[in-house]
There are 2 protein chains.
Amino acid sequence: METPDVWKEFSGNVITHSGAHHLLAILELTNERGYARVTDIARSLEITTGSASTNLKSLKGKGLVQEDENRFLSLSAEGRKLAEAIIKRRTTLIKFFTKVLEVSPEQAEIDACKTEHLLSPETTLKMDQFIASKA
Amino acid sequence: METPDVWKEFSGNVITHSGAHHLLAILELTNERGYARVTDIARSLEITTGSASTNLKSLKGKGLVQEDENRFLSLSAEGRKLAEAIIKRRTTLIKFFTKVLEVSPEQAEIDACKTEHLLSPETTLKMDQFIASKA
DNA sequence: TGCAAATGTTTGACATACCTAACTCCAAAT
DNA sequence: ATTTGGAGTTAGGTATGTCAAACATTTGCA
């Protein structure tokens, strides 16, 4: 058995775990309260505003996050698409883990959180279809 | 909906992606040829011996890897346990993705590789049981 | 035995992704 | 107008993980 040369693809991920959660925070904050500033995101993620500022700058650089003249942050079309995909994946994963595999809700949430930004669209789709076929 | 404070647990992982693959390489190489040196591991992972040397030093520091007087590397009891757990997880994941979800083998391998070191024992176990119950 | 090839380590440079702490900037209240 | 506090950035530090290149060591063979 050969160690597959797939292993390095890990680095080529679209988004990091941290990055994903910044996007999700923006989406949730804007949905809940209508806006998201650096501070709001930092509070939501329980990190310092310094970290949030730096992290968000890089997301802006990637064209996933936008900032208006009043420093309100929002997701770009691409960012929104990505965030929604991740949320969908998390939902699917949690449902799958708890309903199908009967994993405890706590562990399901942790596992989903760790893998939600890594799983391919194909696998997520198939997982969805599987759940649907059982319902 | 609140962003769960679970998200930071990502950093508290037992092992990194890269670290995991170094362990797996040692296990596979020793199984296949009876030994694993820095060079062998570097070749197997397609990184320079410099990188391998540094990375392995840190794994030695964590007590996962040992070195004998001839510079042959091996896994400690703990390292072996960890490596075997990861391999088992990968096997389970691939089987699950391809057999149950009918994901393509290529994508299954990539997804398994990305998550094999992140999934909890509980979820892996449940996944195993699920496969068994269907067989 | 002696030299060349293989092996391994270290160093210095980069890139990413975090953090904290210190600083700037601005706006509102007194 | 001055102070105070909220908001945000920057600077400096840690940790990983990668590389190339200089160096040391070991091995093996001619």
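Lettering of chains follows the sequences in order, A, B, ..., and the numbering in each one begins at 1.
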Original post:
Within less than 4.0 Å of OP1 or OP2 of C/dG8, is there a side-chain N or O belonging to B/R71?
Top reply: no

**OP:** Using only side-chain N and O atoms of B/N55, determine if any of them is under 4.0 Å from OP1 or OP2 of D/dT16.
**Re:** no

What's the closest nucleotide to the side chain of [X] if the choices are [options]?
{"X": "A/S53", "options": "C/dT9, D/dC19, D/dG8", "result": "D/dG8"}
{"X": "A/S18", "options": "C/dA17, D/dG8, D/dG17", "result": "C/dA17"}
{"X": "A/S51", "options": "D/dG8, C/dC19, D/dC19", "result": "C/dC19"}
{"X": "B/T48", "options": "D/dA20, C/dT9, C/dT10", "result": "D/dA20"}
{"X": "B/T16", "options": "C/dC18, D/dG17, C/dT10", "result": "D/dG17"}
{"X": "B/R43", "options": "D/dT16, C/dT9, C/dT7", "result": "C/dT7"}
{"X": "A/V38", "options": "D/dT9, C/dA17, C/dT9", "result": "D/dT9"}
{"X": "A/T39", "options": "C/dT9, C/dC19, D/dA7", "result": "D/dA7"}

Subject >> Beyond-backbone contact of A/H22 with A/L56, side-chain heavy atoms, under 4.5 angstrom >> reply: yes

Spacing of [X] atom [atom1] relative to [N] atom [atom2], expressed in whole Å:
{"X": "A/L73", "N": "D/dT9", "atom1": "CG", "atom2": "C1'", "answer": "13 Å"}
{"X": "A/K8", "N": "D/dT16", "atom1": "NZ", "atom2": "P", "answer": "20 Å"}
{"X": "A/K57", "N": "C/dC19", "atom1": "NZ", "atom2": "C1'", "answer": "15 Å"}
{"X": "A/F72", "N": "D/dG6", "atom1": "CZ", "atom2": "P", "answer": "16 Å"}
{"X": "B/E67", "N": "D/dT26", "atom1": "CD", "atom2": "P", "answer": "12 Å"}
{"X": "A/I41", "N": "D/dG6", "atom1": "CD1", "atom2": "P", "answer": "18 Å"}
{"X": "B/L45", "N": "D/dT18", "atom1": "CG", "atom2": "C1'", "answer": "13 Å"}
{"X": "A/N13", "N": "D/dT16", "atom1": "CG", "atom2": "P", "answer": "19 Å"}

Original post:
Distance only, no hydrogens: is a donor on one side chain within 3.5 Å (strictly under) of an acceptor on the other, for B/T123 and B/S120?
Top reply: yes

Original post:
Can you find a side-chain donor-acceptor pair between B/S51 and B/T54 that sits under 3.5 Å?
Top reply: no

Subject >> Ring centres under 6.0 angstrom apart (B/F130, A/F97) >> reply: no

Original post:
Within the structure shown, what part of the strands sits under 4.0 Å from B/S58 by heavy-atom distance: base, sugar-phosphate, or nothing?
Top reply: nothing

Original post:
Heavy-atom count around B/E102 CD within 6.0 Å, excluding the residue itself: above 12?
Top reply: no

